[in-house]
Participant: 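This is the structure, below, for whatever I ask next.
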Amino acid sequence: MLFSNIKDGDTFRYLVNGKWEKSSSKDLIEVYNPSNGKILAKLQSLSKSDIDDVLKNSKISQKKWKNTPVNERADILMRAADLIVQNSELLSDLLSKEISKPKHLGMHEVMRTADLIRSTAEEGLKLHGEYLDGNSFYHASKKKKALVDREPLGIILAICPFNYPVNLSFSKVAPALISGNSVVLKPSTQGALSVLHVSELFIQAGLPPGVLNVVTGKSSSIGDYLCSHKDVNMIAFTGSTSVGKHIASIAGMKPLMMELGGKDGAIVLDDTDIDLAVKECVQGVYSYSGQRCTAVKRIILVDKIANVFVKKFVEETKKIKTGNPDEDVVVSHLINRDAADFVKSLIDDAVKNKAKLLLEGKRKDNLFSPVILDNVTNKCRIFYEEQFGPVAVIIRVKDDKEAVNVLNDSNYGLQASIFTNNLDKAFSIASQLEVGAVQINGKSDRGPDNFPFPCIKDSGIGVQGIKYSIESMTRLKSVVLNFK
Ligand code: G3H
């Protein structure tokens, strides 16, 4: 399985029981290079019977893996992290080809993931149970004592999106593995090549066969089958809200950890450091062309500073470079033409509803240069809908109270930012925002990966983050001692 000399149109296999195999269906799916529209590679399109075999193998492998001492599991993760660093050039190159991620952002994703895997290994070593004495409860015998331990759930199904294939896959895989689960990983088709490559590195690091199986294929053929399969014990999913809701409706009693859409807002108050707020918002809106769930998707400005902010924001945005991901750019091609058409439809609708186009992005196929829409109101679809593209949405409000109301007027609840020099005000506003996390004087951001990443409303269920993911992927088990 060589990834170093990929030629356009090469065919890749899927990973089961430590081996690279062909699908029984003999069908293939195509991975495109979003920057030039050419076929980059072909992947196996698995059938339901392939999935049955994979899950059977994952189940057997997990039984052995959960009894492997945690320090041995941690050593394997550490070796995998080292191999990822050694392969970082190749991996960031793959990311630029298959998801059009600018080279420096791809490198950041890869190195961040190596760090995450190392920290997960260390965190796993700290995992311990507790001892409880039942004597403080009036109805309990004084002679009951409980030993409470953590056990793996079994098979974790990890389903990952195109925008952070490496990080959002292995931030699920690493906590699952360190706590003794086996994993069936289903990457997005766009992004699968880098995921397959990192999986191979785990095998080279000594991961036993079958503990990590990686399946590829059409969600329409195997997605529902996987999510509702009786042998899957938990689903960890990152993707759109509509798919997340569908998975929840068919998953039955399986625990879910889901990070879905977002419409993160940045509130800029009148006592803020405007240059800082502008810099953070520009990065927050445009980094990786806005294709991040935590991108700044609304900038909410109080009237008093709105004109000054907007002037500087336009100046800074004009400096942003747009182009091919192998050049030094911030904005590159959107993942496909449909995504670009959707962004265009939101812009057209906003303009029709009296938003002001301060910077009109140029479009060539699925490449958009930065767009700025000012005076966006709740009449525009983009006030509520997630753009997932390089479009700044500026909403003007009269005061802090209205800013809070606008921010909370959303089905999503991922993150929010508050820019102000008044910490009292920042904390007071933070307590009123219906989101999982609030950034004070910084753009919204999932990392660092040891922080909790809670998602509320339509933005998800559960909490990711190294320690929190390990907790979600294990269950408590008590053994109660009854004394005479
Ligand atoms: O797209 C969703 C990601 O979880 C966003 O992660 O904040 O590190 O860009 P990020």
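When a ligand or atom number is given, it counts from 1 through the structure's own listing order. This structure is a prediction, so every number in the text was calculated from the model and none was measured.
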Participant: Is the NZ or CZ atom of K263 positioned over Y384's six-membered ring, under 6.0 angstrom from the centre and within 45° of the axis?
Facilitator: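 So K263 doesn't make the cation-pi contact.
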Participant: Measure from the ring center of F388 to the ring center of F342 and say whether it is less than 6.0 Å.
Facilitator: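 They do not qualify: ring centres at least 6.0 Å apart.
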Participant: Parallel, tilted or perpendicular, judged at 30° and 60°: which one describes the rings of H229 and Y225?
Facilitator: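 Because their plane-to-plane angle is over 60°, the rings of H229 and Y225 count as perpendicular.
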Participant: Do we get K101 above Y164's six-membered ring, with its NZ or CZ under 6.0 Å from the centre and within 45° of the axis?
Facilitator: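 Here K101 passes the 6.0 Å and 45° test against Y164.
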Participant: Would you check if there is a donor-acceptor pair between the side chains of S417 and S444 at a distance under 3.5 Å?
Facilitator: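 S417 and S444 do not have a side-chain donor-acceptor pair below 3.5 Å.
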Participant: Taking atom types as modelled and ignoring hydrogens, do the side chains of N36 and H333 form a donor-acceptor contact shorter than 3.5 angstrom?
Facilitator: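 Distance-only check fails for N36 and H333.
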Participant: Using a 4.0 Å cut-off on heavy atoms, what residues surround ligand 1? Order them by chain and number.
Facilitator: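 These residues qualify: R112, N163, Y164, E259, R292, C293, T294, D445, R446.
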